[in-house]
Amino acid sequence: MPDIAPLREFVQAMTRLADARVPEARWLAEGRDLLAALVARDDWLPEECAQPGPTYRQVLLHCDPLERFSVVCFVWGPGQSTPVHDHTVWGLIGMLRGEEISTEMLPDPSGEGPMRPGRVDHLRPGAVAAVSPSFSDIHAVRNALADRPSISIHAYGANIGAVTRSVFDPATGKRTRFVSGYTNAFVPNLWDRSREMMAQAAA
């Protein structure tokens, strides 16, 4: 079992932001720095959270008890991708391993025609990108690597697996409602600090 303390410290810092009731701009600015620090090191993610599956996996790492934010690990097998989708809340995406490509999708002004691609973000380890209904909320994401998995760590301004969102047909712009849920039935135990405390007691 790796030392999961970096994730615990990230959760604690995000909880302090939630307690301060900061506006979205501060979540995105300060949260980006916190997430960048978390994905700058790759020694804390439990192995059971990093296994690819037949489709991409959305693994819950932590949800704030009041559902003010959630932390999710996305595991992409080679070549796996999402449909075009939205989030309806702010989100931060930090690249931990491998590479992913996020393509913003812009609705047709009439609301009835094909969508067109916008900004493309090619994320490599350590990079952090943001989504939000206030500036760019619809995209499709894929693993940029054909020969190995990629893993990104996401933070959202809600319990994202329980949020009613939409997927879109890019050829028509047609919207279909969905709730993503999570792949895992259990979350990592952030709060077992026994080894840390035993080490201190032995010092």
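- When only modelled atom types and interatomic distance are considered, His139 and Thr103 share no side-chain donor-acceptor pair under 3.5 Å.
- Using modelled atom types and a 3.5 Å distance limit, the side chains of Arg142 and Thr82 yield no donor-acceptor pair.
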Problem set entry | Criterion side-chain contact (heavy atoms from CB on, under 4.5 Å) on Ile138 and Val84, from CA distance to verdict | CA-CA 7 Å; Ile138 303 174; Val84 178; 3.5 Å; yes
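- The closest side-chain donor-acceptor pair between Thr183 and Gln58, if any, does not fall under 3.5 angstrom.
- Of all the heavy atoms in Ser70 and Ala158, the pair that sits closest is OG-O, 2.6 Å.
- The salt bridge (Lys or Arg N to Asp or Glu O under 4.0 Å) search around Asp108 returns none, not counting sequence neighbours.
- Residue Trp90 is grouped with residue Val11 when hydrophobic side chains (ILVMFWY) are merged at heavy-atom distances under 4.5 angstrom, including chains of intermediate members.
- Under 3.5 Å, the side chains of Thr164 and Arg177 contain no donor-acceptor pair of N or O atoms.
- Within the structure, every pair that satisfies the salt bridge (Lys or Arg N to Asp or Glu O under 4.0 Å) test and touches residues 60-84, not counting sequence neighbours, is listed here: Asp19-Arg68, Asp64-Arg68.
- Residues His62 and Met14 fail the side-chain proximity criterion, which asks for heavy atoms closer than 4.5 Å.
- Under a 3.5 Å cut-off, the side chain of Gln80 and the backbone N or O of Pro149 do not form any donor-acceptor pair.
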Exercise. Can Phe168 and His85 be said to form a side-chain contact (heavy atoms from CB on, under 4.5 Å), step by step?
Worked result: CA-CA 6 Å; Phe168 300 83; His85 64 280; 5.5 Å; no
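- Considering only residues two or more places apart in sequence or on other chains, Glu30 meets the salt bridge (Lys or Arg N to Asp or Glu O under 4.0 Å) condition with Arg26.
- Rounded to the nearest 0.5 angstrom, Ser166 OG and Asp86 CG are separated by 4.5 Å.
- Grouping Ile, Leu, Val, Met, Phe, Trp and Tyr by side-chain contacts under 4.5 Å, direct or through others, puts Phe178 with Val167.
- For the atom pair CG of Leu92 and OG of Ser152, the computed distance is 12.0 Å after rounding to the nearest 0.5 Å.
- From Asn159, atom CG reaches atom CZ of Phe69 across 11.0 Å, with rounding to the nearest 0.5 Å.
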Exercise. Could you go step by step and tell me if Asp42 and Ile151 meet the side-chain contact (heavy atoms from CB on, under 4.5 Å) rule?
Worked result: CA-CA 10 Å; Asp42 186 7; Ile151 297 176; over 6 Å; no
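- Between the Asp137 side chain and the Val131 main chain, no donor and acceptor come within less than 3.5 Å of each other.
- Between the side chains of Glu24 and Ser134, at least one donor-acceptor pair of N or O atoms lies under 3.5 Å.
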Exercise. Where do Leu190 and Ile4 land on the side-chain contact (heavy atoms from CB on, under 4.5 Å) test, with the steps shown first?
Worked result: CA-CA 7 Å; Leu190 295 181; Ile4 205 167; 3.8 Å; yes
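- Distance check: Asp121 CG to Arg119 CZ gives 4.5 Å after rounding to the nearest 0.5 Å.
- Checked by atom type and distance alone, the side chain of Tyr182 never pairs as donor or acceptor with a backbone atom of Val59 at under 3.5 Å.
- Placement of Tyr56 and Ile153 in two distinct hydrophobic clusters is found when ILVMFWY residues are connected by side-chain heavy-atom separations under 4.5 Å, directly or transitively.
- No continuous path of ILVMFWY side-chain contacts below 4.5 Å connects Val89 to Leu35, so the two sit in separate hydrophobic clusters.
- Nearest heavy-atom pair across Asn143 and Gly77 is ND2-O, 2.9 Å.
- Put simply, the side chain of Met95 does not reach to within 4.5 Å of the side chain of Arg124, judged on heavy atoms.
- Shown here for Leu38 and Trp44, the closest heavy-atom pair between the two residues is O-NE1, 3.1 Å.
- Listed by chain and residue number, Asp43 satisfy the salt bridge (Lys or Arg N to Asp or Glu O under 4.0 Å) test with Arg41 (two or more places apart in sequence, or in another chain).
- Between Thr15 and Phe10, every side-chain heavy-atom pair lies at or beyond the 4.5 Å cut-off.
- When every heavy atom of Leu96 is checked against every heavy atom of Pro125, the shortest pair comes out as O-CB, 3.8 Å.
- Using a 4.5 Å heavy-atom cutoff, the side chains of Ile101 and Val141 are not in contact.
- Judged purely by distance below 3.5 Å, without hydrogens or angles, the side chains of Thr88 and Arg165 never pair a donor atom with an acceptor atom.
- The shortest side-chain heavy-atom distance between Tyr156 and Val71 does not fall under the 4.5 Å cut-off.
- Here the side chains of Ile93 and Val128 are not in contact, with every heavy-atom distance at 4.5 Å or above.
- With sequence neighbours excluded, the residues that form a ring pair (Phe, Tyr, Trp, His ring centres under 6.0 Å) with Phe74 are Trp76, His154.
- Checked by atom type, the side-chain pair Glu99/Ser150 shows no donor-acceptor distance below 3.5 Å.
- In this structure, His87 and Pro133 have side chains that are not in contact, with every pair of non-hydrogen atoms separated by 4.5 Å or more.
- Under the 4.5 Å side-chain heavy-atom criterion for Ile, Leu, Val, Met, Phe, Trp and Tyr, Val22 and Leu28 are members of the same hydrophobic cluster.
- At a threshold of 4.0 Å, the pair Asp169-Arg175 does not count as salt-bridged, since none of the basic side-chain nitrogens sits closer than that to a carboxylate oxygen.
- Contact annotation: the side chain of Trp191 approaches that of Arg8 to within less than 4.5 Å [non-hydrogen atoms, C-beta and beyond].
- Other residues, nucleotides and ligands contribute only 12 or fewer heavy atoms inside 6.0 Å of the CZ atom of Phe186.
- Hydrophobic clustering of Ile, Leu, Val, Met, Phe, Trp and Tyr side chains at less than 4.5 Å, counting indirect connections, unites Leu61 with Val75.
- Remark: Glu100 CD to His122 NE2 distance equals 9.0 Å, nearest 0.5 Å.
- Taken from CD in Glu47 to SG in Cys49, the straight-line distance is 9.0 Å, to the nearest 0.5 Å.
- Closest heavy-atom contact between Met105 and Pro117: SD-CA, 3.9 Å.
- Summarising the geometry of Gly31 relative to Leu17, their closest heavy-atom pair is N-CD1, 4.2 Å, with the distance given to 0.1 Å.
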